[in-house]
Structures are given as C-alpha cells and as structure tokens.
Peer 1: 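Take a look at this one; I'll ask things after.
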There are 2 protein chains.
Amino acid sequence: MAKIRMSDVAAAAGVSTATVSMVLNGGSNSRISAETQRRVREAAEAIGYAPNSVARSLRTRKTHMVGLVSDSIATTPFAGRMLAGANDVARDHGYLVVLVDTEDDPALERQAVQALTGQQVDALIYARMWHRVVPAPAGLPARTVFLDCCPQDGSWPAVVPDEREGGLAAVRELLAAGHRRIAYVDADETEDVIASRLRHEGYLQALGEAGITPDPALHVRGETVASGGRAAADALLDLPADRRPTAVFCFNDRMAMGAYTAAHRRGLDVPGDLSIVGYDDQQLVAAELDPPLTTVALPHYEMGRWAMEVALDLRAADAAAPVLMPCPIIRRGSVGPPPHPVAD
Amino acid sequence: MAKIRMSDVAAAAGVSTATVSMVLNGGSNSRISAETQRRVREAAEAIGYAPNSVARSLRTRKTHMVGLVSDSIATTPFAGRMLAGANDVARDHGYLVVLVDTEDDPALERQAVQALTGQQVDALIYARMWHRVVPAPAGLPARTVFLDCCPQDGSWPAVVPDEREGGLAAVRELLAAGHRRIAYVDADETEDVIASRLRHEGYLQALGEAGITPDPALHVRGETVASGGRAAADALLDLPADRRPTAVFCFNDRMAMGAYTAAHRRGLDVPGDLSIVGYDDQQLVAAELDPPLTTVALPHYEMGRWAMEVALDLRAADAAAPVLMPCPIIRRGSVGPPPHPVAD
DNA sequence: ATGAAAGCGCTAACAC
DNA sequence: GTGTTAGCGCTTTCAT
C-alpha cells in the first residue's frame with residue numbers, strides 16, 4: 001500500500017498534474033472538459049488516490065486545522081460540551097481541531113501555543129473551564145478567540161456565560177412560584193469569584209424587581225460541593241420559623257444536592273416544604289436527583305460553537321467586549337409554591 | 001509580523017539554510033562548530049524565527065500528530081479522562097492530538113478517518129465511550145489502536161477495562177466486610193451488554209470463592225439511572241427479612257445513588273443497615289454522596305495513556321487479544337459490617 | 001482546454 | 001565544518 005501521489009493519477013489518466021488538481025479541487029465548474037474530468041476521476045478512484053493535505057497546506061498556506069488550548073479537558077464535565085460545540089462547527093466546515101491540554105501550567109501553555117502556531121493552524125481558541133479574566137499568553141496568532149474567559153488586555157474576541165442573567169432567571173422562577181423569602185447559597189469567597197459575584201447580582205436584582213429587601217441572613221456561603229451546600233442549607237433551616245426561607249437558590253448543582261440532603265434529613269419535602277434551584281445543569285446531578293432539579297444551564301456547547309464560528313470567520317465578533325451567552329433556566333421538579341401563604 | 005523563514009535566519013547568521021537546519025535540529029552533538037552554532041541560535045532568536053512544521057512534515061513524512069476519532073466526547077464524563085491520558089503522553093513526546101467526534105455516525109466516521117489520514121497523522125486512535133466490540137471502519141492507517149472497544153476482526157491492538165476483575169473486587173470487598181447475602185443490581189438486559197455480563201461473572205466468581213450459592217432473587221435489574229437503581233433496591237428491600245440482602249453491588253454509581261435513596265427513604269442507614277458498592281467512580285456522584293460511595297473505578301485515563309503509548313510505538317502491543325486494564329476499587333464510606341451476624 | 005514550470009519551507013545526501 | 005542541490009506533493013500562474 002505505497003502512497004499514491006497526484007502524479008500517479010495524472011499518468012493513469014494521461015494528463016498533467018495541473019489538470020488533475022483542477023478537476024479534483026475545482027468543482028464541476030472548472031474549465032476542464034467533461035470528458036477529461038471523467039477520466040481523471042475514474043483514474044483517481046481506480047488507483048485509490050487520497051490527497052496529501054500536508055503538501056497542499058504548504059502550498060496554500062491554509063491547514064484547515066484550528067488549535068484549541070484548554071486548561072483542563074478532563075477535570076470538568078463541561079469541557080466536553082465546549083469541545084463538542086467547537087468540533088461540530090469545525091467538522092461542518094471541513095476543519096479539524098487540534099487539542100492541547102495545558103493543565104493550567106504556563107510553561108506547557110507557551111509550549112502548546114508554539115507547537116500549534118508552528119503547525120500553522122488557521123486559528124486558535126484559548127479556553128478555560130471556569131469563567132475568568134486571564135492574562136493573554138504570548139505568541140497568540142492573529143486569529144485567536146477566548147472561550148469562557150476574557151483576556152485582561154482586551155482586543156480579542158471572547159465569549160462567557162451571562163451569569164448575572166442566569167441568577168436573575170433563577171430567582172424570578174422562585175418569585176413566580178410565590179416565594180418571598182428566598183435564600184442564596186453562595187460559593188466560598190475564595191472560589192469562582194466572578195460567577196459568584198455575578199449570580200449574586202442577578203439574585204439581588206430579581207429581589208429588587210419584586211420589591212423585596214434582601215435579608216442578609218439569607219445570603220450564606222459554603223464550599224462548592226454537596227457537603228458545603230448541606231451545611232449552608234442546615235444553617236438556613238435552623239433559622240426561626242418566621243425568618244426561614246421557603247426557597248433557596250444554590251450557586252451550583254452540587255450544593256443544591258447538599259440542600260436536598262439537608263431538607264430530607266429533617267423530613268422536609270422538596271418542593272413541598274422547600275423549593276430549590278441550582279446552577280450548571282450537570283446531567284449527572286441535576287437530572288438524577290429526586291425530584292429532578294430545576295436549574296440554570298451553563299451554555300458550554302453554544303459557547304464552543306460561537307468560538308469556532310468566529311475562529312473560522314463565519315461570524316463577526318467585536319473584540320472590544322466579551323459576548324455574554326444566555327444561561328437558560330431548565331425547569332424540572334424542584335420548584336413549587338411556598339408551603340403556606342407568606343408575608344414579608 | 002511577516003512570516004520568518006529559515007533562509008532569513010541563514011542570511012542573518014551568514015550561513016546556509018542547511019547549517020541552520022543542522023544546528024536547530026541536530027542537538028548539541030552536531031558537527032557544526034560551536035561558534036557557528038552560537039551565531040545561528042542568536043540570529044534565530046533575534047529575528048524571532050519559528051519553524052514551519054508543515055514544511056518539515058512534508059519533507060520528513062512525519063507530522064507528529066496523532067488522530068483520535070471518538071463517538072462522543074461530550075456525552076460522557078469519561079471521555080475527558082481518556083483524552084487526558086492520551087494527551088499527556090502525546091505532549092510528553094512532542095505529539096499533538098487531532099480530535100474528531102463522529103457522534104456515532106458511520107458517514108462522519110469515514111469522513112473523519114479520511115481527513116485524518118489525508119492530514120498524514122502518524123497514528124490513529126479509534127475510541128468508543130462504552131466497552132464494545134465494533135466493526136473496524138475502512139481505511140484505517142497501519143498504525144491504529146482501539147480504545148475502549150475491540151475490533152470485530154482482530155488484528156489491531158486494543159485496550160478495554162477488566163470489568164470481570166472489577167466485579168470480583170467489588171464483591172470481595174463486601175465479602176471481606178462479613179457479608180454473605182450480597183445482591184447485584186444489574187443493568188437492563190438491553191444496555192451495556194458486555195460490561196453487565198462481565199461484572200456479573202465477577203460477582204458470581206467472588207461468591208463462588210466464598211462458598212456461597214448465588215440466590216437468583218438477589219440478581220435484579222433496572223434502568224442504569226438513579227431511578228432504576230432505586231426501584232431495584234426497593235424490590236430487594238421488600239424481600240422478607242431472612243432473604244433480604246445486607247449489601248448490594250450496583251452496576252454503576254448512578255444506580256447506587258438510587259439505592260441510597262431507597263435505603264434512606266425507609267430509614268435505613270448506609271452502611272449501618274445496608275452496604276453499597278458502585279461502579280464507574282464518577283466523581284460527581286460517588287464522591288458527593290453521603291456517605292461517599294465505595295466503588296470500582298473505570299481506568300479511562302490509563303487506557304488513554306496506553307493507547308497513545310502503543311500509537312507512538314513506546315510500548316509493544318499484541319494485536320491478537322485486547323489488553324485488559326485493571327479496575328481498582330476505590331474505598332470510601334459505603335461499606336461496613338452487616339447489621340447483625342448472618343448465617344447463609 | 002491543457003501543460004510546463006516555479007515554488008511553498010524545510011531536510012538530507014552528497015560535495016568540497 | 002559548511003554549502004549545494006534535489007526534492008517532499010501539491011497549487012497556480014503563465015504559456016500554448
């Protein structure tokens with residue numbers, strides 16, 4: 001199975017390589033006669049010719065590959081959705097994606113960017129798995145887009161989730177069900193600062209819209225895992241009856257999972273006695289809880305698509321400000337009316 | 001920022017491109033004089049030269065890229081671990097991985113294999129996200145390795161999890177804690193046939209080793225989600241006291257999660273009244289449950305590494321039979337002694 | 001409508 | 001030790 005070159009096709013069809021190139025790339029509108037086209041195609045087929053993209057890339061200065069450097073493909077379930085989004089549009093447009101995981105190591109990151117530009121990728125997507133503001137690594141190619149992070153020193157297109165709008169949607173959902181005493185189980189101050197702050201802003205705005213004065217006792221924090229959520233929810237449920245929340249909005253689904261545990265352990269029903277809304281829409285958590293969790297989805301797939309679309313210049317992007325991708329609310333079974341009519 | 005070529009470096013250093021190539025690739029052992037080497041390196045540095053891998057690849061017929069085609073990077077949390085394993089070894093050896101997700105669509109698959117071989121990848125990894133026997137797609141390059149699946153018509157190296165040994169380990173763990181009545185909450189007959197069968201074999205073997213005759217009533221099935229596990233566990237717990245299991249081995253962590261719910265809803269303590277072992281070691285589930293779940297880990301990271309190692313010829317592999325990668329047991333808090341001494 | 005020839009940027013014999 | 005030269009397999013003017 002020796003490699004078959006274009007010249008082999010040319011010889012077999014009795015034409016020049018230039019002609020072969022024309023018919024194989026030129027579509028049917030080329031100026032080559034129909035008869036010759038047929039001969040060439042048949043010859044190519046017959047001898048099993050497959051073009052060598054490396055040679056083509058060298059000549060055309062286009063590799064039809066885009067690099068994707070990320071800090072962690074493995075450690076979050078979200079990474080896959082981003083990748084999938086990017087991959088889908090790449091594939092649909094004849095592009096391949098070259099993936100490098102840098103594990104958040106700056107040295108590996110530099111090395112990755114170098115390897116990728118050395119490989120002449122047509123564009124580069126720089127992705128982080130948590131919404132952050134990051135310093136732009138050196139040596140980025142002209143066509144670079146930031147995914148789930150913003151470059152410190154603007155001037156690159158970027159896309160991040162609209163966390164504020166997400167917090168707003170979550171709390172509005174609870175408000176619409178009739179709740180007035182709504183708690184926010186927030187992340188620890190050390191973690192996920194941006195998401196935490198933005199979702200909290202959404203929370204406050206929603207309360208404001210409903211004319212509710214936020215009760216500081218209803219803003220609690222914990223580690224962003226189930227046990228942290230459970231502890232925070234316990235604190236809330238220990239409040240005297242008249243100050244206790246009838247609903248909680250949790251920073252993420254895992255904390256919401258802990259809130260379920262807290263409620264269930266004291267015989268409280270979800271959503272009968274306590275309504276709960278999460279954030280992230282992690283399938284393994286949100287959909288599997290009993291009852292299934294109403295939550296706000298992080299639009300990783302859409303962000304991945306968006307990034308690839310601007311990388312391939314399929315979509316214009318303003319480098320001045322990051323695009324805010326909507327976080328839709330996913331209604332499942334954890335929100336209901338408050339247990340009894342409530343006054344403020 | 002026009003592209004800088006090797007000839008620019010040569011000109012700047014006053015040598016030929018051949019010399020530049022030698023010093024830049026030849027390591028320090030080349031036959032170029034130390035003085036010239038210095039001049040070349042300095043010139044390259046000064047004008048910011050970066051080699052063009054496409055040109056190099058065309059010449060050397062090595063691209064230092066390996067293709068990875070998978071059926072789903074997005075829909076399972078395991079995909080990331082496989083990718084990470086593959087990526088880590090690729091990176092450590094100066095290789096890049098080109099990823100394509102085919103969504104299990106044969107047409108896309110053919111197209112992916114073609115694109116990748118056209119791109120002259122040095123090797124190809126064909127990955128599936130569920131342990132399966134698959135028909136080998138046409139046109140695979142000589143150096144192909146199968147990941148988490150076996151080619152129907154042998155003759156390619158492959159690696160899959162040792163599910164049988166995993167089931168064995170899970171049940172031995174329960175046996176060691178003193179249990180005798182151990183149930184297996186299995187997958188539905190329609191799902192994951194290979195894993196289901198193999199884990200069951202491990203279960204039976206472990207019981208056999210302990211001199212226990214399997215009780216068919218203790219082998220139940222359900223959908224491989226939390227609700228399926230809950231229903232199955234409920235059925236088990238409804239058994240008369242003398243036939244009821246004191247421990248259950250669940251097909252996966254999600255079903256185990258359902259078993260927790262079933263136990264908790266009837267006031268049973270885990271592991272006080274019921275010990276539970278899962279399978280998969282899904283972080284989001286196993287580690288977050290209360291108590292944390294003892295489970296058997298699927299070695300995705302290791303399989304990813306293995307596949308890339310044989311792809312890069314760093315490790316020999318026999319194409320005759322798939323390699324069985326061990327599934328280690330992860331001890332957490334869901335296994336304890338049976339509630340009271342038990343007789344068979 | 002088709003072919004000749006140059007060259008993408010690099011490496012590797014082979015000369016000197 | 002270093003330079004010359006000939007490609008790797010393709011695309012693309014420019015002739016014809």
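So that the names make sense, note that chain A is the first sequence line, chain B the second, and so on, each numbered from 1.
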Peer 1: For C:dG3, does either OP1 or OP2 sit under 4.0 Å from a side-chain N or O belonging to A:T19?
Peer 2: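 The answer is yes; a side-chain N or O of A:T19 sits under 4.0 Å from OP1 or OP2.
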Peer 1: Given atom CZ of A:R59 and atom P of D:dC8, what is their separation to the nearest angstrom?
Peer 2: 16 Å
Peer 1: Could you tell me how far apart A:L24 (CG) and D:dG9 (P) are, to the nearest whole angstrom?
Peer 2: 16 Å
Peer 1: Please report, rounded to the nearest Å, how far the C1' atom of D:dT2 is from the CE atom of B:M6.
Peer 2: 13 Å
Peer 1: Could you walk me through whether B:R132 and B:D71 pass side chain to side chain contact (heavy atoms under 4.5 Å, CB included), step by step?
Peer 2: CA-CA 12 Å; B:R132 264 184 291 189; B:D71 58 343; 3.1 Å; yes
Peer 1: Quick check on side chain to side chain contact (heavy atoms under 4.5 Å, CB included): which of B:M325, B:H300, B:M303 does B:P161 satisfy it with?
Peer 2: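 Single pass found, and it is B:M303.
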Peer 1: To the nearest angstrom, how far is A:N25 atom CG from D:dT12 atom P?
Peer 2: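 Rounded to whole Å, this separation is 8 Å.
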Peer 1: May I ask you to verify if any side-chain N or O of B:S7 is less than 4.0 angstrom from the OP1 or OP2 atom of C:dC10?
Peer 2: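 Answer no for this pair, as no side-chain N or O of B:S7 is under 4.0 Å from OP1 or OP2.
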Peer 1: Kindly point out which of C:dT11, D:dT2, C:dA4 is positioned nearest to the side chain of A:A18?
Peer 2: C:dA4
Peer 1: To the nearest angstrom, how far is B:L58 atom CG from C:dC8 atom C1'?
Peer 2: 9 Å
Peer 1: Do the charged groups of B:E35 and B:R38 touch, with an N to O distance under 4.0 Å?
Peer 2: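 Looking at B:E35 and B:R38, the cut-off is met.
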Peer 1: The side chain of A:R56 lies closest to which of these nucleotides: D:dT4, D:dC10, C:dA1?
Peer 2: D:dC10
Peer 1: Separation of B:H64 atom NE2 from C:dC10 atom P, in whole Å?
Peer 2: 15 Å
Peer 1: When B:V69 is tested against each of B:L116, B:D101, B:L108 for side chain to side chain contact (heavy atoms under 4.5 Å, CB included), which residue passes?
Peer 2: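 Only match with B:V69 under side chain to side chain contact (heavy atoms under 4.5 Å, CB included): B:L116.
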Peer 1: Tell me whether the side-chain N/O atoms of B:S57 come closer than 4.0 Å to OP1 or OP2 in D:dC8.
Peer 2: no
Peer 1: Suppose we screen for ring-ring contact (aromatic ring centres under 6.0 Å, His included). Which residues come up paired with A:Y126, at least two apart in sequence or across chains?
Peer 2: A:F146
Peer 1: So, does A:T17 get its side chain near the phosphate of D:dC10, meaning an N or O under 4.0 Å from OP1 or OP2?
Peer 2: no
Peer 1: Kindly calculate the angle separating the two end axes of the helix from C:dA1-D:dT16 to C:dC16-D:dG1, each obtained from five base pairs, and round it to 10 degrees.
Peer 2: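 What I find for the helix from C:dA1-D:dT16 to C:dC16-D:dG1 is an axis angle of 40°.
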Peer 1: From the options C:dG9, C:dT11, C:dA5, select the nucleotide whose nearest atom is closest to the side chain of B:T60.
Peer 2: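 Nearest to the side chain of B:T60 among the choices is C:dT11.
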Peer 1: Report the distance from atom CZ of A:R61 to atom P of C:dG9, rounded to the nearest whole Å.
Peer 2: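 The answer, rounded to whole Å, is 4 Å.
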Peer 1: Does B:S57 reach the main-chain N or O of B:K62 with its side chain, forming a donor-acceptor pair under 3.5 Å?
Peer 2: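 Present.
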Peer 1: Starting at atom CE of A:M22, determine the distance to atom P of D:dT12, rounded to an integer number of angstrom.
Peer 2: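 Those two atoms, CE and P, are 8 Å apart.
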Peer 1: Does CZ in A:R110 sit with more than 12 non-hydrogen atoms of other residues, nucleotides or ligands closer than 6.0 Å?
Peer 2: no
Peer 1: Does the side chain of A:T63 pick up a donor-acceptor pair with the side chain of A:D122 at under 3.5 Å?
Peer 2: yes
Peer 1: Name the closest nucleotide to the A:V15 side chain, picking from D:dT11, D:dC10, C:dG3.
Peer 2: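 Taking heavy atoms from C-beta onward, the closest nucleotide is C:dG3.
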Peer 1: Using a 4.0 Å heavy-atom cut-off, does B:R31 contact any base of the nucleic acid, only the sugar-phosphate backbone, or nothing at all?
Peer 2: base
Peer 1: Reckon A:T36 touches a base, only the sugar-phosphate, or nothing at all at heavy-atom distances under 4.0 Å?
Peer 2: sugar-phosphate
